[in-house]
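It should be emphasised that the depicted structure is a prediction, and the values quoted were computed from it without experimental measurement.
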2 protein chains.
Amino acid sequence: MAIRETLRNAIIDRRLAPGTKLSESEVGSLFDVSRTVARAALQMLAFEGLVKTERNRGAFVSNPSPEEARQIFASRRLIEPGIVAAAVERITPEDIAKFRRQLDEEQRYLNERGPAARRAEIKASGDFHLMLASVAGNVILQRFMDELVARSSLVIALYGRSGVSSCGHSEHTAVLDALEKGDGERAAKLMIHHIDHIEADLDLQLKQGSGLKDALSLA
Amino acid sequence: MAIRETLRNAIIDRRLAPGTKLSESEVGSLFDVSRTVARAALQMLAFEGLVKTERNRGAFVSNPSPEEARQIFASRRLIEPGIVAAAVERITPEDIAKFRRQLDEEQRYLNERGPAARRAEIKASGDFHLMLASVAGNVILQRFMDELVARSSLVIALYGRSGVSSCGHSEHTAVLDALEKGDGERAAKLMIHHIDHIEADLDLQLKQGSGLKDALSLA
DNA sequence: AACACCAAGATTGCATACGATTTGCCCAAT
DNA sequence: ATTGGGCAAATCGTATGCAATCTTGGTGTT
């Protein structure tokens, strides 16, 4: 199952570009394992929308359409305020401290240069939302968020215009501050604005007609 | 993939009781197919939480704990009002007509006797929520609802006390009426109450200690 | 009589083999 | 020159075989 996690991480921090073909044999030999288990991993990833499989053609890193992107963010706008509301009831001082450390790390990557720092920054800013889902204590919503955050990362890779700083660091700290004060109302509002800002930074013109453009972008 | 759907339906309308063992060989020979494809189907079902697989032991129909049940309904309370809000913007008169027919069918099964009618009633009342998700037009939320409704059916099978009438037919019509009038606010409220009623009908005392009770229920 | 241990049976986990489908290329015909 | 057909290579879909692990029944000892 480690192979699935490895591929997942590679996809969400953009080492694998959308459209990249992931053949079973290739994945299998790369991880030194048979096609059977490689196939299982790809099926999992397909199930959570990170790769798309075409019959008798293979698996490809997902190339979400603008419409899909909109639906992903619509889902997040719906779910994350609920996560925040649940989190404010359960968050402990230890959690707060852990969040602070996480935000410090975000900050650190923000100041560094280079693609490795960019990848780490993306990962870290996504992890903030995931940690929030974790303290909310609902494993089902947590899994939904896992999927949504991962797919968001794909979408940002495709349609983001200002690079990586889209997931504003300061907005994360604002949410956490409200959470620490126990103001769930305000935290939820801030979270919605945060998601709005991420989506606003995207360029979601429908430059994909039906499916022939997929071929273009995967080159 | 038809095999997955068949198993799914068998589980959600309770022909397969929670705890039932689903061995790969058995499923394979039953569908006249090899263990490979049977295994794939079981993996899918495991991924959406309908079956639980134990290493070197096999797959079993899920036996959700009361805590899981609570989380399922908490998730629905969070998501379904959003679904309703989106649906009220997009619902067409044709949709309304289709819903009316669906509700008539619910009613019909409600008046019939026998286990087959009970199963059909459960299926139909779940389908109401799924149709709503469908007109909302967000395929991601639709998939989440697919999973939540299926798992709810399992939970009701395990913890429901008043049998099947839990998913009140009249409440469905009330939601639809509000939707038809374009009153999304009211429809969302009604939906939350509806979910509350379903959950209130459950007996969620934690009567499962660790795992020995699993053996009892699968008997 | 109760407990512990061991062996046989069964079932999953994984790898490999074979058949089917698609793709890309080459060549011929218009 | 372009288009159409056909052949070969590659890749997926599925079946089956073998090894590893767990369960279960029996047996011997305390």
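In this structure, A:Thr53 does not reach the D:dC12 phosphate: none of its side-chain N or O atoms is under 4.0 Å from OP1 or OP2. Between D:dT14 and B:Ser34, no contact under 4.0 Å exists linking OP1 or OP2 to a side-chain N or O. Listed pair B:Lys21 / D:dT23 fails the phosphate criterion, with no side-chain N or O lying under 4.0 Å from OP1 or OP2. Phosphate proximity of D:dT21 to B:Arg57: absent, as no side-chain N or O sits under 4.0 Å from OP1 or OP2.
Between A:Gly58 and A:Thr36, the residue anchored nearer the 5' end of DNA chain D, judged by the nucleotide with its closest heavy atom, is A:Gly58. Nearest-nucleotide positions on DNA chain C for A:Val33 and B:Asn56 put B:Asn56 closer to the 5' end.
Applying salt bridge (charged side-chain N to carboxylate O under 4.0 Å, His left out) to A:Glu199 and the options A:Arg77, A:Arg70, A:Arg76 leaves one that passes, A:Arg77. Put simply, the residue from B:Arg151, B:Arg8, B:Arg143 that forms a side-chain hydrogen bond (donor to acceptor under 3.5 Å, both in side chains) with B:Glu48 is B:Arg8.
Distance A:Phe60 CZ to C:dT23 C1': 11 Å, rounded to the nearest Å. Atoms CD (A:Gln43) and P (C:dC14) sit 13 Å apart, rounded to a whole Å. When the C1' atom of D:dG13 is taken as reference, atom CZ of A:Arg55 falls 7 Å away, rounded to whole Å. In this entry the distance linking CD of A:Glu54 with C1' of C:dT23 reads 13 Å, nearest Å. Between the CZ atom of A:Arg39 and the C1' atom of D:dT14 there is a distance of 8 Å, rounded to whole Å. Rounded to a whole Å, the CG atom of B:Leu22 is 17 Å from the C1' atom of C:dA10. The nearest whole Å value for the distance from the CD atom in B:Glu24 to the P atom in D:dA15 is 13 Å. Atom CZ of A:Arg35 and atom C1' of D:dT14 are 9 Å apart (whole Å).
Remark: A:Lys21 qualifies as a cation-pi partner of A:Phe60 under the 6.0 Å distance and 45° angle criteria applied to the six-membered ring.
Of the possible polar contacts, none joining the A:Ser62 side chain to the A:Pro64 backbone as a donor-acceptor pair under 3.5 Å is found.
Residues B:Glu94 and B:Thr92 bring a donor and an acceptor atom of their side chains to less than 3.5 Å of each other.
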